[in-house]
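Bear in mind the structure is a predicted one, so any value in this text is a computation, not a measurement.
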Amino acid sequence: QQQQQQQPQQPQKKKKVFKKDVQKIANENFSHVYRSEMSVDQLVALMKKLKSAPSESRESEIFECMISNFFEEWQYFPDYPEKELRITADLVGKIVGEGVIGGDHLDEALRSLLKSLRVDAAAGMRQFATQALSLCSSIFPQNKSLVNALYFRFLSLEEAGLSTSGSDNKFPSTSYFRALMSSPTDTSGVSVAPSERLQGNIDAIFNNLSSQNLRKTIDKINGYVDPPNFRWFAGYFVNDRVKFESRSYDLFAAIFRHLKSREWQDAVRAKAFEESRTLIRKHLDNTSSAAAKEIKTLRNIGAFLGRITLALNKPVLASDLDLVALIKRTYQRDIVNSQRANKETWYLLDYVVPFVCKILESCKESRVFRCRQPWIRSLLSLLREIHSLVSKSSIQFEVEGVFRHLGYEKDSIPLAPSLTFIDVSTRALPDGLGASSSLQTQFFVGLSAADAFRYRNLRPNDFESARAYINICDSLPIDDFESIAARLVESSFREVLPPVSKRSVVIACNTTIFTLTKDFAYEPSISMLRSVAISMAKKLASSLAHVTSFDSLRQSLGTKLLDEFKKYTSLQQSIVERVVKNITDANVELGAIFMRISCVNDVPAHLDNQLRGAFEMRRKASSGPYVDEHSLQSMASLPEEVRPPATGISQKELRVYEVFGAPTLEAFVPPAPRQTSPSISAQQVPSTTQAALSPKQDGAKQQQQQSQ
């Protein structure tokens, strides 16, 4: 509320007053639909016709009046009977989907539909929004921000166990929106195949490819393929060559490096990621092993991906493929499958681990992605843990092979257990397949949907990923000013992160353990205790880091920038201070979010260390009931009503922790204050509008207006 009060108030837009005869016609048009005298499609066609009329004409004025009345009536939709609400949902969906409205009206309609999909919204309005959105899905591919917001809305509904009752199994669902989010960006325009003659020439070139004619081959390819053919070539290159010709990795990588435009390279890289995601998704829910041919195909794509990313000092972005999340998810799926089959079945890991290892082999050619790089180190640590947990020889062989290829001793990589506590009772983990995984990661530390999408490539503790978001919004007449300023901003982040992270994690973990001690005194499940503790501690730590880092970041940024640029005595002090302030203000929020997503990575290890004793006691009591005697002694003075039941934590109590640990889309955005000013009186709203748009609800509306 304070933030809203600080914002300057926008002058209220004066409402346009329409003539009585125009109001009458506009309302009669709606009345025809609710009386079944006209179909929704016919009304939409009429509105399109009115919209296309000249701007000063009577038809145009009727259209404006219809739209104005429609949005004024929206607040009363929750009071509509079921039949009329379904008609209204069809009308909203087709008005939005067929482009009848645009600009501010379109934004207002989409915001209202999103609001109706909140967990606390009425079930009827959730159904209304779902039905409307299913009729305007044609606008989704061109509106990625809307897709992301809808994804997280439906994810929240699924987590809360609320059904949206879609018209089919594809829409609406998180998988539907995840597929849209994960779809590659069209970087090269329309895909057009070259002539059959040129296709034959390109086939012949690749059939005769060798290291001796590589230079001529590259020149010919660059001459044959034009920008409209880039995506066609990407599909041909990956699907027909990379997948099946494992001996030509280095030649293919050389061709990629010498393609004549970055657009072309982006198209090939996007296609390679797309194919890898498709192959992995195909087996992610399978309970049988993949064929040897399929394993080899995925290995080939992994080897090529490593050569066009890590070997060229380019990261594998989480928005393309989150390898850490992928390994964890496949491990979890294999555990579930093993329990069902009553034997160890490591089918998915046997499919995915060789793919990951092939990508990592290219680190040997990289100057950036070496063993000391945090992301590479975390992946190697994860592979080492798989080697110790999984007894299948083929998987162990792949892990040993990548360590041997990179020249690292397996025992030299610290083992940070992250798979040990994953079991069948753990909530399904993100699969890492595309943008949705990184968005989920950002979202689950409490970022809003908009911030999660904006910072989707920001990696925890990875200062290189933060560098891409640094905003040098002002300048001074100094050589190489931008690079100097960016270096100082990054240096400030490096300085502030350790103390902020340590303080936030320690406070969050201590608070979590103190809180959980009572409720889990009789709970024997290690995985339940650990998952609830991690969820709660991450929520606390991320929020605490975000809030407490602002002052430290502002002070560190201001000091470093001012100390550096004060050296230039020829510059006016007031100008230097202004530039320093602008750059500081532009990067404080980025720094706070970076602190927020970085500190949560330290939570599991810290909690595991503090809960080691509790875990060990539960393991010893695995054959019988568990009782934490020390905790019970400390609770002796508590009233009986608040002591934990001897039967263990109930589902109702567990739900409290899940709700607390779950993120919210409205994180750090205070809710809009409830309107206390009188609404438009009945005299100001024409009675014909009420009758047309709110059938059978006059009494309910009057009662609502009187209460307001």
Exercise. Could you tell me whether the side chain of Leu317 reaches within less than 4.5 Å of the side chain of Phe273, counting heavy atoms only?
Key: no
Practice problem: Using atom types as modelled and distance alone, determine if a side-chain donor or acceptor of Ser543 lies under 3.5 Å from a backbone N or O of Leu540. | Solution: no
Quiz item: Rounded to the nearest 0.5 Å, how far apart are CG of Leu326 and CZ of Arg277?
Solution: 11.5 Å
Quiz prompt | CD/Glu82: more than 12 non-hydrogen atoms of other groups inside 6.0 Å | solution = no
Quiz prompt | Salt bridge flag under 4.0 Å for residues Asp266 and Arg231 | solution = no
Quiz item: Considering all heavy atoms of both residues, which atom of Gln23 and which atom of Cys65 are nearest to each other, and what is their separation?
Solution: OE1-SG, 3.5 Å
Quiz prompt | Contact summary for Asn69 and Ala26, nearest pair of heavy atoms | solution = ND2-CB, 4.4 Å
Quiz item: Can you name the side chain to side chain donor-acceptor pair (under 3.5 Å) partners of Glu98, sequence neighbours left out?
Solution: Lys48
Quiz item: Is there a donor-acceptor pair closer than 3.5 Å between any side-chain N or O of Asn587 and the backbone N or O of Asn471?
Solution: yes
Quiz item: Say you draw a straight line from OG of Ser39 to CD of Gln42; how long is it, rounded to the nearest 0.5 Å?
Solution: 3.5 Å
Practice problem: Can you label the angle between the Trp74 ring and the Phe128 ring as parallel, tilted or perpendicular, going by 30° and 60°? | Solution: perpendicular
Exercise. Applying side chain to side chain donor-acceptor pair (under 3.5 Å), name anything that partners Lys94, two or more places apart in sequence or on another chain.
Key: Asp41
Quiz item: What's the spacing between Asp585 CG and Leu557 CG if we round to 0.5 Å?
Solution: 9.5 Å
Self-check item: Step-by-step side-chain contact (heavy atoms from CB on, under 4.5 Å) determination, His546 to Glu589
Solution: CA-CA 9 Å; His546 188 276; Glu589 179 66 23; 3.5 Å; yes
Self-check item: Exam field: side chain Ser535 to backbone Val532, donor-acceptor pair closer than 3.5 Å
Solution: no
Quiz item: OG1 of Thr512 to NZ of Lys539: how many Å apart, nearest 0.5 Å?
Solution: 11.5 Å
Quiz prompt | Ion pair check, Arg269 and Asp320, cut-off under 4.0 Å | solution = no
Self-check item: Partner residues of Asp90 under the side chain to side chain donor-acceptor pair (under 3.5 Å) criterion, sequence neighbours left out
Solution: Gln131
Quiz item: When you measure from the side chain of Lys51 to the backbone N and O of Val100, does any donor-acceptor pair fall under 3.5 Å?
Solution: yes
Quiz item: Quick one: are Leu85 and Pro81 in side-chain contact, heavy atoms under 4.5 Å?
Solution: no
Quiz prompt | Lys83 vs Arg86, side-chain contact (heavy atoms from CB on, under 4.5 Å): CA-CA, chis, key distance, verdict | solution = CA-CA 5 Å; Lys83 177 184 175 183; Arg86 285 200 305 269; 4.2 Å; yes
Quiz item: What distance do Ile597 atom CD1 and Ile593 atom CD1 have between them, rounded to the nearest 0.5 Å?
Solution: 8.5 Å
Exercise. Supply the atom-to-atom distance Lys24 NZ to Asn29 CG, rounded to the nearest 0.5 angstrom.
Key: 12.5 Å
Practice problem: Check whether any side-chain heavy atom of Met66 lies under 4.5 Å from a side-chain heavy atom of Leu43, and answer yes or no. | Solution: yes
Exercise. Search all heavy atoms of Ala545 against all heavy atoms of Cys599 and return the closest pair with its distance.
Key: CB-SG, 3.7 Å
Quiz item: Between Val96 and Ala109, what is the shortest heavy-atom contact and its length?
Solution: CG2-CB, 4.1 Å
Quiz prompt | Chi angles and distances behind the side-chain contact (heavy atoms from CB on, under 4.5 Å) call for Leu113, Leu117 | solution = CA-CA 7 Å; Leu113 290 173; Leu117 288 172; 5.8 Å; no
Quiz prompt | Residue pair Arg126 / Ser116: nearest heavy atoms and the distance that separates them | solution = CG-O, 3.2 Å
Quiz prompt | Side-chain donor or acceptor of Thr278 paired with backbone N/O of Glu274 under 3.5 Å | solution = yes
Exercise. Could you go through the side-chain contact (heavy atoms from CB on, under 4.5 Å) check for Asp21 and Arg58 one step at a time?
Key: CA-CA 10 Å; Asp21 59 331; Arg58 178 180 173 83; 2.8 Å; yes
Quiz prompt | Side chain proximity check, Met47 to Ile67, heavy atoms < 4.5 angstrom | solution = yes
Quiz item: Side chains of Leu91 and Phe70: does their closest heavy-atom pair fall under 4.5 Å?
Solution: yes
Quiz item: What are the two closest heavy atoms between Ser276 and Leu321, and how far apart are they?
Solution: OG-CD2, 4.2 Å
